Amino acid sequence: MITREGMVEKRGVGHWFTHLGLIIGLLFIFFPIWLAFVASTVSQPEIVRPPMPLLPGDQFFENYRKALVSGVNAPVAWMMLNSLIMALGITIGKIVISLLSAFAIVYFKFPGRRLFFWLIFLTLMLPVEVRIVPTYEVVANFGMLNSYSGLIFPLIASATATFLFRQFFMTVPDELAEAARVDGARPMRFFWDILLPMSRTNIAALFVILFIYGWNQYLWPLLITTDPSMNTIVMGIKQMFPSGDDIADWPVIMATSILAMIPPVIVVISMQKLFIRGLVDSEK
Amino acid sequence: MFETPDLECRDISKSFDDFKAVKDVSFAVPPGTFFSILGPSGCGKTTLLRMIAGFQKPSSGDLLIKGRSVLDVPPNKRQVSMVFQHLALFPMMNIGANVGFGLRQRGVNRADIKRQVERVLDRVGLTGVADRPVDSLSGGQKQRVAIARCMVLEPDVLLLDEPLGALDLKLREHMKIELKQLQAEFNTTFVYITHDQSEALVMSDQIAVMNRGVFEQVGTAKELYYEPSTAFVAGFVGEANKFRARVQSLDAGVQMVTDQGQVLHGTAAGKALAKGDAVDVFVRPEAVRLSRDTALNGNAGQGRVENILFNGANSQLILRDQTTGAQMNVALPQTGEFRDLSVGDTVHFGWEPAQTRVYAGD
């Protein structure tokens with residue numbers, strides 16, 4: 001593996017400037033999050049009255065309890081569960097389908113192999129936003145509005161993940177497939193016993209990326225979930241904003257925002273090692 | 001030999017589009033034989049091996065294992081196992097799981113797998129490594145694991161596709177001996193393909209020299225070395241000085257004149273010759289005698305030392321014939337007599353007509 005020592009070993013002024021740059025960049029990103037956190041720990045009047053507080057207040061438990069249990073339209077805990085089911089459904093579905101289709105494309109010769117490959121390729125040019133009207137029509141006709149299957153299935157097909165696995169499978173030496181075959185393994189055995197364990201790091205990397213992709217879905221859930229109990233958290237935050245002259249309950253909204261950030265952070269941190277390995281070693 | 005051969009090929013051919021990779025090859029390998037197929041890269045030996053394994057279908061001909069045609073048997077059903085060039089050990093499994101992989105596919109129960117895996121690892125000299133990861137082994141040990149993985153299935157024929165190619169020289173020398181011992185230990189038929197003649201010569205009971213899709217000669221290492229039946233085999237197996245010449249007379253051996261004008265006497269090999277034929281003449285470097293002072297008998301000359309390729313016991317001299325200007329490689333005798341020879345010295349050299357093999361040229 002290539003180490004980046006050359007870049008880390010830089011000493012002297014450049015060294016300090018690098019750190020200064022990183023610290024400033026970090027503050028830029030961190031400051032709004034800090035503000036959101038502070039806002040989630042104070043009471044409504046304190047937020048509205050300028051200047052905005054910069055240190056946490058004493059309403060932390062009260063605000064978070066309120067958000068999780070009652071929320072504005074629906075309890076946040078409920079919306080988080082919806083989001084979790086959708087994100088996991090999309091992630092696992094995408095990975096399973098991509099693995100299988102990449103396996104088929106790389107290891108089998110069947111009529112129309114190139115055609116199917118290009119069809120998958122074509123879907124890259126048609127993201128959800130482009131095909132949203134026909135997709136909505138289809139989902140509505142299947143009666144899948146306000147359901148988990150409606151949230152998950154239209155987002156499952158993934159050309160990107162299929163390509164990633166295809167590229168990876170092509171670096172796996174043919175000898176392995178042949179060795180498994182002479183030893184009497186049938187194709188799916190080879191897939192389960194050899195290919196899948198070898199793809200572990202790639203699967204982890206994709207899991208992280210796709211989980212965040214699924215978690216952050218906004219437009220699609222907004223369209224097909226009209227029932228607040230099916231709202232996902234990312235769109236739910238927007239739904240909390242009052243329409244008209246109502247007063248926005250900022251501490252609860254901010255608490256919800258902070259809560260919405262936690263699961264992706266947990267996924268990234270817990271899979272960090274595998275994730276980086278999956279992105280770095282493209283070959284074994 | 002009246003036993004049913006473990007492996008038999010009958011007029012087997014394979015064409016890719018308009019290129020014929022293997023042309024009507026026939027051979028039979030008796031049980032327990034170490035059979036090598038030796039040839040330069042691109043000669044069709046890998047294609048032949050892949051047909052035996054079942055990864056490719058012959059265009060014509062028949063293939064029999066233990067007397068039964070296996071043309072319609074897929075690779076996973078053939079009683080054939082294969083050691084691959086890069087071994088193809090499964091990287092995410094430990095050694096025991098690798099060796100037991102084939103048994104698991106056959107639905108053997110866990111306890112039996114464990115016992116058989118341990119026994120076969122024992123036989124290849126790797127006791128108690130079943131739980132270790134594949135990467136913890138050295139190159140030679142991995143080789144043995146790869147063989148154990150095949151042998152645990154008790155195949156009728158074990159195919160080996162240049163498995164020593166990826167090893168360094170020292171280890172390769174060592175593994176040659178070890179492979180031969182393992183073959184004797186298991187008493188299984190090995191079909192070994194290689195482009196390295198010393199691997200083939202050291203290990204094999206029978207060697208087939210393959211060139212451009214056909215078997216040039218099948219025989220023991222000695223036969224191939226001392227009595228090559230074609231010019232290709234004479235040039236490919238072992239080292240040889242090669243001259244082009246034309247036949248002058250065929251009374252009492254072959255008398256011919258080289259392109260450089262030297263008259264040589266030799267022994268005809270392979271196809272019959274006629275007066276005036278163009279011929280290729282081969283002389284092994286170790287067949288040439290050297291002398292400092294006296295002219296030698298037979299095919300002889302006097303040459304200037306152009307270069308000394310010192311390589312211990314395999315040292316060679318490059319001589320330039322003073323009358324014809326032809327170049328000769330001569331094995332440097334290790335008796336010490338010529339140790340002080342240096343570049344520019346003049347020596348007499350000569351070799352017997354019986355050691356001069358003459359083949360019809362093209």
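Every chain is numbered from 1 and lettered A, B, ... according to where its sequence line falls, protein lines coming before strand lines. Owing to the predicted nature of the structure, the values given are computational and were not obtained by experimental measurement.
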Distance in Å, A:Asp183 CG paired with B:Arg106 CZ, rounded so as to fall on 0.5 Å steps: 8.0 Å
Verdict with supporting geometry, A:Leu176 and B:Phe84, side chain to side chain contact (heavy atoms under 4.5 Å, CB included): CA-CA 9 Å; A:Leu176 286 184; B:Phe84 290 85; over 6 Å; no
Proximal component of B:Leu103, with respect to chain A [non-hydrogen, under 4.5 Å]: neither
Enclosure of A:Arg186 CZ (heavy-atom neighbours >12, cutoff 6.0 Å): no
Other residues, nucleotides, ligands: >12 heavy atoms within 6.0 Å of A:Arg131 CZ: yes
Region of B:Leu89 in contact with chain A, defined by heavy-atom distances below 4.5 Å: backbone
Other residues, nucleotides, ligands: >12 heavy atoms within 6.0 Å of B:Asp112 CG: yes
A:Phe142 CZ: over 12 foreign heavy atoms closer than 6.0 Å: no
Whether over 12 other heavy atoms sit under 6.0 Å from B:Lys176 NZ: yes
Atom pair CE/CD1 of B:Met92 and A:Ile194 - distance to nearest 0.5 Å: 11.5 Å
B:Phe90 CZ to A:Met198 CE distance, which is reported to the nearest 0.5 Å: 10.0 Å
Spacing of CZ belonging to A:Arg181 relative to NZ belonging to B:Lys77, to within rounding of 0.5 Å: 11.0 Å
Contacting moiety of A:Pro197, where chain B heavy atoms sit under 4.5 Å: both
Over 12 foreign heavy atoms within 6.0 Å of CZ, B:Phe27: yes
Atom pair CZ/CD of B:Phe55 and A:Glu178 - distance to nearest 0.5 Å: 4.5 Å
Closest non-hydrogen atom pair, B:Gln105 against A:Asp193: NE2-OD2, 3.7 Å
Heavy-atom proximity to chain B below 4.5 Å, by part of A:Ala177: neither
